[in-house]
Amino acid sequence: MKKFKIKGIIAASVLSLTLALSSCIDDLKQEPITDVTAASLYKDFSNYKSILAKLYGGLAVGGQEGGDGGGDIADIDGGFSIYTRLLYTMQVITTDEAVIGWNDGTLHEFHKMIWTPANEFNNAMYYRLYTEIAYCNEFIRNTTDEKLSLNGITGANADEARIMRAEAKFLRAQSYYHLLDMYGNVPFVDETTLGTVPQQIKRADLFTYVEAQLKEAEAGLKAPKTNEYGRLDKAAAWSLLARLYLNAKVYNGTERYSDVIANCDKVIAAGYGLNPKYENLFLADNNVNNLENIFSVVYDGVRTQTNGGTTYLVHAAIGGSMDPAQFGVNGGWGGLRTTKAFVNKFEPNDLRGRFYKDGQTLEINDLGNFNDGYAFIKYKNLKSDGSPGQDVQWVDTDLPMYRLADIYLMYAEAVLRGGGGSMSTAVSYVNALRTRANASTISVINLDFILDERSRELSWEMTRRTDLIRYGKFTSSAYLWPWKGNVKEGVAVGEYRNLFPIPNNDLAVNPNLKQNPGY
């Protein structure tokens, strides 16, 4: 299946979609510059797909040039500031699933859970999300029916523009979902607020907004599996709605488990299927004949040359005596390993628990030493036939954001939490995943089992922090892992760390904002 290409769209300044980001962001009033003016840019429908590709590219790369040059976010390396890489830092390195050996700036603070409002990676995530929102706002603002008519976009072109607008609405809602999840009460900007100082929206109200936007997007998106690979469809909206509802009690105090099941049922009914081999989901040709991935961030060793995304996940997980050629790349960066708490979740024959142990110790005495902690094997720049990707530096492997396995596990958890559905169906979904992984099948499930199964199945797929918070185990003493709280054996930390801090820079320039408690 052909990938939705984003090459060249990275150089979005040609299309006047660059943000004026100096000193990170002075305030969230700053929107995409339009020197080439929307009036001229949006009159030519041939530009639309290129502009849309920049919105997707905002998930995959960090700047306007190959190799992360011309970064969108000031004061941080373009490779560090990529949406997916930052999301991994916030959602995975903060948990039992990964530690990182590098001491770049304040990066070490995440696994230790000692971050502050001055942490540059936290701030880059915050500004990256608002950068994506700003790109989306500009596209949405210029593709209303009125604007399309004024610009002479009619007929089939207008219909396609409306579909693209729905995709932009989803991408904006996804960014706001991550803000809702990670930061809580945040500044709010949309296509109508240009030129105003952003107000701070309450977390519960932002939940309502994200829900409404996803439903609007769903109505306009193409049917499941009918869009180009790498572009969104209705099943992606159902998937994110299910994830939103699964965490509703955290976000606004309500239980929405029946809505989780309803949206999971829609995805399952759309005809997605499990890939027969778990390992193939994370290889360089995982865009080919893959019926499991609902939406993936597209990577290509020729067209998306970035130090984030799967290039990061492959290279950074290689070190010690590991052979980079076995992963389809030309070298390891000696960064990412995992903890014994994660290792111990797997049965000996579970194919999802692949660890490199030669020269590695299970115990982590020194977070900065790559040989402390087992290396975890998941993403590779190899195709399913064993041949390498197009480039041994830049990785071809696409990064799944939503896939059927997650849908199965969300369904099972929602059943256990009283959302209705069928317990026997839930057990069958879990066993389908375990059978594929060569793990033993089970006859009874409970919530703690599902939490562990999510970690086994969805490891390093950027869901772990959110899952632990939903279970009350991220900050508490109910579950400890090595170096949680900056103590080797692990200790509880303040509950306020269930949210990240709003950057000091934004608080300084926007009097409407209040910092999250504890910071």
Do we see a donor-acceptor contact under 3.5 Å between the side chains of [X] and [Y]?
X	Y	value
Y479	D96	yes
S384	D285	yes
R464	Q91	no
D72	T131	no
R203	N252	no
R470	N247	yes
E97	S455	yes
T84	Y299	yes

Nearest-0.5 Å distance that lies between atom [atom1] in [X] and atom [atom2] in [Y]:
X	Y	atom1	atom2	answer
N263	L241	CG	CG	5.0 Å
T463	R454	OG1	CZ	5.0 Å
M113	R497	CE	CZ	7.5 Å
Y374	F355	OH	CZ	9.5 Å
K266	K234	NZ	NZ	9.5 Å
D181	F207	CG	CZ	12.0 Å

Do the ring planes of [X] and [Y] sit parallel (below 30°), tilted (30 to 60°) or perpendicular (above 60°)?
X	Y	value
F295	Y56	tilted
W481	F474	tilted
F376	F342	perpendicular
Y183	F500	tilted
Y402	F170	perpendicular
Y48	F45	tilted

Which is it for T304 and V298 under the side chain to side chain contact (heavy atoms under 4.5 Å, CB included) test, yes or no, and what are the steps along the way?
CA-CA 8 Å; T304 52; V298 173; 5.9 Å; no
Aromatic contact, [X] with [Y] (centres under 6.0 Å):
X	Y	value
H315	W333	yes
F80	F121	yes
W460	Y379	no
Y127	Y130	no

Can you tell me if [X] uses its side chain to pair, donor with acceptor, with the backbone of [Y] under 3.5 Å?
X	Y	value
Q360	G373	yes
N293	S296	no
K169	L214	no
H111	V99	no
R128	S81	yes
K225	A270	yes
T311	N307	no
Y356	S321	yes
N286	T397	no

Determine, step by step, whether L451 and L468 satisfy the side chain to side chain contact (heavy atoms under 4.5 Å, CB included) criterion, reporting the C-alpha distance in whole Å, the side-chain angles of both residues, the deciding distance to 0.1 Å, and the verdict.
CA-CA 8 Å; L451 178 61; L468 289 170; 4.2 Å; yes
Please list, chain by chain and in numerical order, all residues satisfying salt bridge (Lys or Arg N to Asp or Glu O under 4.0 Å) with [X], sequence neighbours excluded.
X	result
D259	R256
K215	E211
R436	E292, E457

Start with the C-alpha distance between Y278 and L281, add both sets of side-chain angles, then the distance that settles side chain to side chain contact (heavy atoms under 4.5 Å, CB included), and finish with yes or no.
CA-CA 6 Å; Y278 180 79; L281 290 165; 4.1 Å; yes
Excluding sequence neighbours, so at least two apart, what forms side-chain hydrogen bond (donor to acceptor under 3.5 Å, both in side chains) with R417?
E413
Looking at K383 and D385, does any basic side-chain N land under 4.0 Å from a carboxylate oxygen?
no
So does E279 pair up with K380, basic N to acidic O under 4.0 Å?
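Judged by the 4.0 Å cut-off on N to carboxylate O distance, E279 and K380 do form a salt bridge.
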Of all heavy-atom pairs between [X] and [Y], which one has the smallest distance, and what is that distance?
X	Y	result
S476	K484	O-NZ, 2.7 Å
Y83	M125	O-CE, 4.0 Å
V392	N381	CA-ND2, 4.3 Å
A223	D233	O-CB, 3.5 Å
L336	Y312	CD2-OH, 3.6 Å
V260	A242	CG2-O, 3.6 Å

Please table the atom pairs, donor to acceptor, closer than 3.5 Å between any side-chain atom in residues 439-449 and protein atoms at least two apart or in another chain.
| residue | atom | partner | partner atom | Å |
| --- | --- | --- | --- | --- |
| S440 | OG | E347 | OE1 | 3.4 |
| S440 | OG | E347 | OE2 | 2.6 |
| S440 | OG | R434 | NH2 | 3.4 |
| N446 | OD1 | D448 | N | 3.2 |
| N446 | OD1 | F449 | N | 2.8 |
| D448 | OD1 | K473 | NZ | 3.1 |

Could you walk me through whether Y229 and N290 satisfy the side chain to side chain donor-acceptor pair (under 3.5 Å) test, starting with their C-alpha distance in whole Å, then the side-chain angles of each, then the deciding distance to 0.1 Å, before giving a yes or no?
CA-CA 10 Å; Y229 177 85; N290 187 345; 5.9 Å; no
Pairs flagged by ring-ring contact (aromatic ring centres under 6.0 Å, His included) wherever residues 247-271 is involved - sequence neighbours left out:
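Found none.
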Stepwise side chain to side chain contact (heavy atoms under 4.5 Å, CB included) check, F370 with M322
CA-CA 11 Å; F370 184 86; M322 300 170 75; 4.1 Å; yes
Full working for salt bridge (charged side-chain N to carboxylate O under 4.0 Å, His left out) between R231 and E167
CA-CA 8 Å; R231 290 177 63 181; E167 293 172 63; 2.6 Å; yes
Can you establish whether the number of heavy atoms outside K222 located under 6.0 Å from its atom NZ is more than 12?
yes
